[in-house]
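Residue numbers start from 1 in every chain, and the chains themselves are labelled A, B, ... in the order their sequence lines are given, proteins ahead of strands.
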Amino acid sequence: MKVLVLLDSNKYVSDIHGFIMKAGFSDASLVAVSNVEVSEGFDKVYRVGDVSSDILVKLGSEIGDFDLYLAPHSKKCIEALSFYAGSRGIPIVTEVTDFSIDEGRIYRNILSGRGLVSYKFTTPMAITIATGKFKGSISKTPEIINMDISPSTQLLSTEEKAFGGVDIENADIVVGVGRGFKAKEDLDMAFELAKVLGGEVGCSRPIAADYHWLDEDRWIGISGKKIRGKLYIAIGISGAPQHIMAANDVKVIVAINKDKNAPIFEYADYGVVADLYQFLPVFLERLKTRLGV
Amino acid sequence: MDVGVIVKAALDVNVLRSDPSGRISIESIPLVISEYDRNAIYEGAKICESTGGKLYIYSVLTWGPMERKLKDFENVIREALALGGEEAFTVVDKSINSSEPMYTSEILAKLISKYGSPKLILAGEASTDMTSSTLAPYLAAKLGYNVATFVKELKLGDGYVEVLRDADERLERLSVSLPAVVSVTGEINTPRLPTLIQIRRAFRKPLHKFTLADLGLSPIMSRYEDYKVVTVKRKNVIIEDESLEGVADKLIEHLIQEGVVKR
Ligand SMILES: Cc1cc2nc3c(=O)[nH]c(=O)nc-3n(C[C@H](O)[C@H](O)[C@H](O)COP(=O)(O)OP(=O)(O)OC[C@H]3O[C@@H](n4cnc5c(N)ncnc54)[C@H](O)[C@@H]3O)c2cc1C
Ligand SMILES: Nc1ncnc2c1ncn2[C@@H]1O[C@H](COP(=O)(O)O)[C@@H](O)[C@H]1O
């Protein structure tokens, strides 16, 4: 088995190695193409300036054919791997969450997380791996080869996103805010609740992506972060599958919404049908009294 | 400049149907327009309005059985036309019954190069049902076009587009020479709702339907896939009381009993 790995960040190496081990390919020859320094875990590393859309197409003739093309499910890697798969006409399956050696099948979610579909694993195949699902490490010291490739698209400039360094994926308790909040200042109530409970504040996509009220590391959903703590309190969130399916692994879900028909109640253990502006102040006060804070 | 938008009739994720064994009955789930394709259509319509070009809609019906899905599919295409499309080229074939980017791109590439071949093709960042985000780059490679995905801002230049694309940790501003396929995020614009007149006009716009044979393509091997529902059991308790204080107290007791809040 010859495996080519495309990487745009070091933080995904463990996901990739975890997948390779789960798939039973630990003895495979591992070649990486990366724009970051990778000093361990591969037989060979091609260092490139950027994981541009056509990087694998341009490198292809240089590095030859592989049985399996792997990448983390990051935006740049999805693009470059799909573009390469398209140029070769090979099948691609993205955001793979599981591999069963016995059945030779790979799994991914569909229907915004509400369904699971399996595919037969065949070679050659391209796969992007859901992050946070696999963990592993393979020890190898790579030969590093620097490549000078000029991409077909021209990078004009970059802008760093603002991140608060919040890790909601590993938080025990998350208080989620959605479009039920009418102003950014009103989120203070949620922050206070999170503080009283010892948790973090997360949000629905519009709060981060449309309104920019919160940083993207608080964005919960299939295109944001998955959470897996013991408590999620969703406030003023309708419960679109793209949001709530990312909380499937949470032990207890509480929903606070003024619309009794909001889909979020179907996904909740405990529901409160109330206006958050009336309920939250009362809830906070009672909670503080009960917990003695 | 003419612009093409690839539009998907996606399974409605809010109407999930399954049999007692947990197998999803794809055949009985209705189709709706894939949410972010509306943003792609609106972005394309803006370019066509300012440059006097024509907006083409391209679509492949990927979910079967064809007879049961045809009506929903046509409604989706009419909606795309009401949102600004001028003419639609679609592929509807009995042998297509799953949504695989490899096949869908091959069909779309044929369709696009045969009808219109606009230099700019827009797509949604991800479809609502498959959410694979592979179609735009896969199709670009098939067409021999450049590609940019997860685009939050798009500006047309002379022979190129300037885009601001989401690259997870940062944003990148790129200049992409045409021809190109560009996928847009749900935040790139706020699509307008079609007016009654636009909806009525959409019924008079040309909607072409082709089979695989029409395009010189062979039937697609039906790859049977096993679709299962993801079930998560929740308690679904609605907490009620005469006063909000009472509701709050009951909720707090539940949380303490669950062991998720420590007193
Ligand atoms: C491909 C794709 C990917 C997506 N990815 C994500 C994702 O990762 N994360 C995500 O969150 N979304 C995602 N979405 C968007 C998703 O479909 C929804 O549009 C979004 O989650 C809605 O956010 P919301 O619940 O905050 O807002 P809304 O749907 O507008 O809901 C607001 C809720 O607040 C309630 N409310 C209003 N006022 C009050 C009040 N005073 N008190 C109490 N309740 C009140 C309303 O009853 C309503 O239920 C994605 C969509 C697509 C198509
Ligand atoms: N069958 C299809 N016909 C036309 N366009 C499609 C089809 N499937 C996907 N697309 C386009 O590709 C985008 C991404 O889909 P996906 O790769 O499935 O996440 C969608 O938002 C559509 O713009």
Side-chain angles (χ1 to χ4, degrees), chain A residues 53 57 74-76 78-79 82-83 85-87 89 91-92 94 109-119 152-161 173 197 209-210 222-223 230-231 241 248 251-254 263 265-274 278-279 282-283 286-287 290-291, chain B residues 11 13-14 16 24 100-102 105 126 128-134 137-142 146-150 162 166-177 185-187 225-230 232 234-239 244-245 247-249 251-252 254-255 258 260-261 263:
Chain A
S53 56
V57 173
S74 72
K75 293 191 172 67
K76 293 187 74 157
I78 301 167
E79 179 183 275
S82 304
F83 191 72
S87 77
I92 179 161
T94 54
N109 287 114
I110 58 161
L111 299 170
S112 296
R114 300 189 71 189
L116 189 70
V117 61
S118 68
Y119 295 83
S152 306
T153 53
Q154 190 196 346
L155 182 63
L156 303 173
S157 60
T158 62
E159 286 170 35
E160 292 307 313
K161 289 185 188 173
I173 296 180
L197 293 171
D210 279 318
I222 58 166
S223 48
K230 53 186 188 188
L231 175 62
N248 276 353
K251 188 178 164 215
V252 176
I253 296 184
V254 174
F265 291 120
E266 290 166 40
Y267 302 100
D269 294 290
Y270 301 101
V272 173
V273 181
Q278 284 163 14
F279 182 69
V282 176
F283 182 44
R286 303 302 270 202
L287 196 62
R290 186 74 167 83
L291 303 184
Chain B
L11 296 168
V13 296
N14 296 309
L16 199 62
I24 297 176
E100 262 200 81
M102 192 169 76
S105 316
T128 337
D129 51 7
M130 292 309 282
T131 324
S132 70
S133 301
T134 53
Y138 205 109
L139 172 67
K142 284 249 164 241
N146 288 317
V147 67
T149 52
F150 300 96
E162 193 181 304
D166 191 331
D168 295 313
E169 238 89 294
R170 61 184 199 175
L171 300 171
E172 296 181 351
R173 200 170 288 281
L174 297 169
S175 173
V176 183
S177 309
T185 68
E187 289 79 26
E225 310 286 9
D226 203 16
Y227 301 98
K228 287 220 172 64
V229 184
V230 172
V232 185
R234 294 291 174 193
K235 297 201 174 80
N236 303 124
V237 177
I238 296 290
I239 299 176
L244 284 180
E245 283 78 8
V247 174
D249 288 344
L251 175 58
I252 294 164
H254 280 300
L255 296 181
E258 292 272 5
V260 292
V261 167
R263 52 170 309 224

Under a 4.5 Å cutoff for heavy-atom pairs, which residue among B:V147, B:V229, B:V247 has the most contacts with chain A? B:V147
Heavy-atom distances under 4.5 Å only: say whether A:T94 touches chain B with side chain, backbone, both or neither. side chain
Is the shortest side-chain heavy-atom distance between A:F283 and B:L251 below 4.5 Å? yes
In terms of heavy-atom pairs under 4.5 Å with chain A, the winner among B:D249, B:I24, B:V176, B:V232 is B:D249
Run A:L197 and B:V261 through side chain to side chain contact (heavy atoms under 4.5 Å, CB included) and show every step you take. CA-CA 7 Å; A:L197 293 171; B:V261 167; 3.7 Å; yes
Less than 4.5 Å apart, any side-chain heavy atom of B:V260 and any of A:K251? yes
Measure the spacing between CD of B:E169 and CD of A:E160 and express it to the nearest 0.5 Å. 8.5 Å
Note: A:F83 and B:A141 closest approach over all heavy atoms is O-CB, 3.1 Å
Is B:S132 close to chain A through its backbone or its side chain, or both, or neither, when contacts mean heavy atoms under 4.5 Å? both
CD1 of B:I238 to CZ of A:F265: how many Å apart, nearest 0.5 Å? 5.0 Å
Point-to-point distance, once rounded to the nearest 0.5 Å, from CE of B:M102 to OG of A:S82: 13.0 Å
Using non-hydrogen atoms only, which part of B:L16 is less than 4.5 Å away from chain A: side chain, backbone, both, or neither? both
Side chains of B:L174 and A:L156 in contact at under 4.5 Å (non-hydrogen atoms): no
Best-contacting candidate, A:S87, A:G89, A:S223, against chain B by heavy atom pairs under 4.5 angstrom: A:G89
Between NZ on residue B:K228 and CG on residue A:L116, distance to nearest 0.5 Å: 8.0 Å
Please rank B:T185, B:N14, B:L139 by heavy-atom pairs under 4.5 Å with chain A and give me the top one. B:N14
Once rounded to the nearest 0.5 Å, what's the spacing between atom OH of A:Y267 and atom CZ of B:R234? 11.5 Å
Does B:D168 come within less than 4.0 Å of A:K161, counting only side-chain N to carboxylate O? no
Just so I know, are the side chains of B:F150 and A:E79 near enough to count as touching, which here means a heavy-atom distance under 4.5 Å? no
Is there a donor in the side chain of A:T158 and an acceptor in the side chain of B:E172, or the other way round, less than 3.5 Å apart? no
Considering only heavy atoms, which portion of A:V254 lies under 4.5 Å from any heavy atom of chain B: side chain, backbone, both, or neither? side chain
Interchain contact, A:A268 with chain B, by part (heavy-atom threshold 4.5 Å): backbone
Within-4.5 Å side-chain heavy-atom neighbours: B:V230 and A:R114: no
Got A:D269 and B:N236 here, is their nearest side-chain heavy-atom distance under 4.5 Å? no
Any side-chain heavy-atom pair from B:N146 and A:S53 closer than 4.5 angstrom? no
With the threshold set at 4.0 Å, does a side-chain nitrogen-carboxylate oxygen contact exist between B:R173 and A:E159? yes
Checking A:V252 against B:L255 for the side chain to side chain contact (heavy atoms under 4.5 Å, CB included) test, could you report, in this order, the C-alpha distance in whole Å, the side-chain angles of both residues, the deciding distance, and whether it holds? CA-CA 8 Å; A:V252 176; B:L255 296 181; 4.3 Å; yes
Once you round to the nearest 0.5 Å, how far does CE of B:M130 lie from CG of A:L111? 8.5 Å
Closest non-hydrogen atom pair between B:E187 and A:D210, with its separation: CG-OD1, 3.1 Å
